[in-house]
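One structure is given below, encoded as structure tokens.
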Amino acid sequence: MPQGKPAGVRCIQLNDDNLCKIFGKPERPDLCDRFAATEDVCGTTNEEALWLISSLEAATQS
Ligand code: SF4
């Protein structure tokens, strides 16, 4: 996203199946390439992942 992805905003690169449309492409941000999914951050389901990331964003909001 041109100005970066604000917290709480869905990335424009996610497709309808919640997969990254630019996975493996050079335009994918370095941060995304370096992120290693772990169960404590991502959970085991889409619903759990959304709850976990929303909780983390709320806890770190300034
Ligand atoms: S991996 Fe990065 S670019 Fe791809 S959908 Fe997720 S946040 Fe967006």
Side-chain angles (χ1 to χ4, degrees):
M1 297 169 77
Q3 306 302 318
K5 191 194 85 52
V9 174
R10 182 179 170 84
C11 181
I12 60 172
Q13 301 299 347
L14 278 172
N15 69 16
D16 291 341
D17 295 322
N18 292 324
L19 299 175
C20 180
K21 293 187 279 190
I22 57 173
F23 186 86
K25 296 183 178 177
E27 60 267 35
R28 189 172 184 237
D30 287 341
L31 177 66
C32 300
D33 274 338
R34 285 186 273 124
F35 177 76
T38 59
E39 193 169 324
D40 59 328
V41 174
C42 303
T44 58
T45 64
N46 283 349
E47 293 75 20
E48 198 174 3
L50 187 58
W51 183 85
L52 283 164
I53 195 66
S54 297
S55 299
L56 285 169
E57 286 179 348
T60 57
Q61 201 168 29
S62 53

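For reference, positions follow the sequence shown, starting with 1. All ligand and atom numbering here is 1-based and tracks the order in the structure. Atom set for the values below is all heavy atoms of this structure, side chains included, hydrogens, waters and symmetry mates excluded.
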Which N, O or S atoms belonging to the protein are less than 2.8 Å from atom 4 (Fe) of ligand 1?
C20 SG
Below 4.0 angstrom, counting only protein heavy atoms, does anything approach atom 6 (Fe) of ligand 1?
no
Considering all heavy atoms, the nearest I22-P29 contact
CD1-CD, 4.1 Å
Run through the side-chain heavy atoms of Ile, Leu, Val, Met, Phe, Trp and Tyr, join any pair under 4.5 Å, and report what else lands in I12's cluster.
M1, V9
Only pairs at least two apart or in different chains count here, so list each salt bridge (Lys or Arg N to Asp or Glu O under 4.0 Å) that has a residue in residues 47-62.
none
Tell me which pairs pass side-chain hydrogen bond (donor to acceptor under 3.5 Å, both in side chains) where either residue lies in residues 27-41, with sequence neighbours left out.
R28-D33, T38-D40
Which heavy-atom pair separates C42 from A49 by the least distance, and what is that distance?
O-CB, 3.1 Å
Spacing of N15 atom CG and D17 atom CG [to the nearest 0.5 Å]:
5.0 Å
